[in-house]
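Here the structure comes first, spelled out in structure tokens, and everything after it is commentary.
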There are 2 protein chains.
Amino acid sequence: MNIGEVAERSGLPPKTIRYYEEIGLVTPTRSVNGYRAFRESDLHKLAFLGRARSLGFSIEDCRALMALYEDQGRASADVKSIAQHHLDRIDAKIAELQSMRDTLSDLVKSCAGDHRPDCPILRDLAAK
Amino acid sequence: MNIGEVAERSGLPPKTIRYYEEIGLVTPTRSVNGYRAFRESDLHKLAFLGRARSLGFSIEDCRALMALYEDQGRASADVKSIAQHHLDRIDAKIAELQSMRDTLSDLVKSCAGDHRPDCPILRDLAAK
DNA sequence: CTTGACCTTCCGGTGACTGGAACCCCTATG
DNA sequence: CATAGGGGTTCCAGTCACCGGAAGGTCAAG
């Protein structure tokens with residue numbers, strides 16, 4: 001399989017796949033013409049990575065998850081730990097955004113949004 | 001005022017203040033010894049920037065907000081528009097994170113997290 | 001005179017890619 | 001056989017908003 005087909009089937013852009021090779025997440029072989037030659041197992045790995053990334057796992061988390069996936073003797077506790085930490089980070093991020101959202105929403109509501117210069121949003125940013 | 005005092009009073013790290021000068025958000029004068037010399041107005045600007053950044057506005061949004069703040073003839077609609085767009089982005093981000101959170105939370109709950117290798121998290125990432 | 005706390009600039013790195021340039025390879029068509 | 005196109009390749013630079021660190025200048029106190 002060339003990179004184009006793998007891109008299509010994995011849903012990852014070719015650029016991303018090359019990048020993943022560069023950082024050692026996949027190691028396709030090479031054809032005589034120098035093209036990357038992907039096996040089914042490479043495609044499988046890339047799909048795994050794509051799904052992990054879509055859940056927001058960092059590249060390093062993905063690397064660790066892949067290693068655990070391929071380690072038959074893994075303890076599910078190790079996987080769960082990574083996922084739990086990630087979940088905690090997400091919760092923290094949501095809380096942070098939610099707090100911004102609340103403030104911002106109040107400000108937007110309080111602003112007339114017309115041709116006049118008076119603006120509670122600017123007043124809030126400037127004061128305090 | 002030297003940068004240290006401004007940093008303390010604005011809550012921004014010196015590195016950040018230098019960076020803001022570099023990209024033209026503040027333009028302190030210079031003392032004879034080459035040190036940056038900040039006026040009260042610079043401090044005020046930096047505090048404004050710090051609060052806008054803490055609400056998640058991008059640097060370019062901050063630049064625009066500052067310009068509006070200093071434009072006596074502004075229309076509050078312009079400010080509101082920036083804030084509303086930012087609010088929309090935040091809502092989108094929260095929705096994205098919330099969706100990740102939901103999936104991830106289910107996966108974490110379903111994983112025993114013990115010494116055994118069987119793991120629904122990895123199964124989910126690998127399958128589909 | 002030295003110490004230590006400031007300040008300066010400059011360079012490189014962060015995360016996870018993305019865009020673009022310059023070039024090679026392969027197949028099909030005129 | 002030349003060429004056009006649609007693959008592929010590498011390498012470099014840029015993104016965003018800074019942060020860390022090195023090498024060195026400045027200043028007040030002891």
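Note on naming: letters A, B, ... go to the chains in the order of the sequence lines (proteins, then strands), and numbering restarts at 1 for each one. Quick caveat, the model's predicted, so the values are computed rather than measured.
- Here dA17(D) presents its P atom at 8 Å from CD of E60(B), a figure rounded to the nearest Å.
- Per the geometry, CD1 belonging to I17(B) stands 17 Å off P belonging to dA17(D), to the nearest Å.
- More than 12 heavy atoms of other residues, nucleotides or ligands sit less than 6.0 Å from atom CZ of R39(A).
- Ion pairing between E40(B) and R9(B) holds under the 4.0 Å rule for side-chain N and carboxylate O.
- Rounded to whole angstrom, the span from the OH atom of Y35(A) across to the C1' atom of dC23(C) amounts to 11 Å.
- Atom-to-atom, CD1 of I3(A) to C1' of dT18(C) comes out at 14 Å; the value is rounded to the nearest Å.
- Distance K15(A) NZ to dA13(D) C1': 11 Å, rounded to the nearest Å.
- For N2(B) and dG25(D), the CG to P distance is 19 Å, given to the nearest whole Å.
- Straight-line distance from the CD1 atom of I59(B) to the C1' atom of dC19(D): 14 Å, rounded to whole Å.
- Side-chain nitrogen and oxygen atoms of T16(B) include at least one within less than 4.0 Å of the OP1 or OP2 phosphate oxygen of dC19(D).
- Distance M1(B) CE to dC6(C) C1': 16 Å, rounded to the nearest Å.
- Here R30(A) reaches the OP1 or OP2 of dT10(D): one of its side-chain N or O atoms lies under 4.0 Å away.
- For the OP1/OP2 pair of dG8(D) and a distance below 4.0 Å, the side-chain nitrogens and oxygens of R18(A) include no atom meeting the criterion.
- The closest side-chain donor-acceptor pair between S76(A) and D114(B) falls under 3.5 angstrom.
- Atoms CG and NE2, on D78(B) and H115(A) in that order, are 12.5 Å from each other to the nearest 0.5 Å.
- In this structure, P14(A) reaches neither bases nor backbone, as no heavy-atom distance under 4.0 Å exists between it and the strands shown.
- In terms of phosphate contacts, Y20(B) brings no side-chain nitrogen or oxygen within less than 4.0 Å of OP1 or OP2 of dA17(D).
- Residues T27(A) and E21(A) have side chains not in contact (no heavy-atom distance under 4.5 Å, counting atoms from C-beta outward).
- Comparing R53(B) and G34(A) by the nucleotide of DNA chain D whose heavy atom lies nearest to each, the residue mapping closer to the 5' end is G34(A).
- Between R36(A) and dT10(D) there is a side-chain polar atom (N or O) within less than 4.0 angstrom of OP1 or OP2.
- Between N33(A) and dC24(C) there is no side-chain polar atom (N or O) within less than 4.0 angstrom of OP1 or OP2.
- Not a single donor-acceptor contact under 3.5 angstrom links the side-chain atoms of Y19(A) to the base of dG15(C).
- Within 4.0 Å of I23(A), counting heavy atoms only, lies no atom of the nucleic acid at all.
- F57(B) comes within 4.0 angstrom of nothing in the nucleic acid, heavy atoms only.
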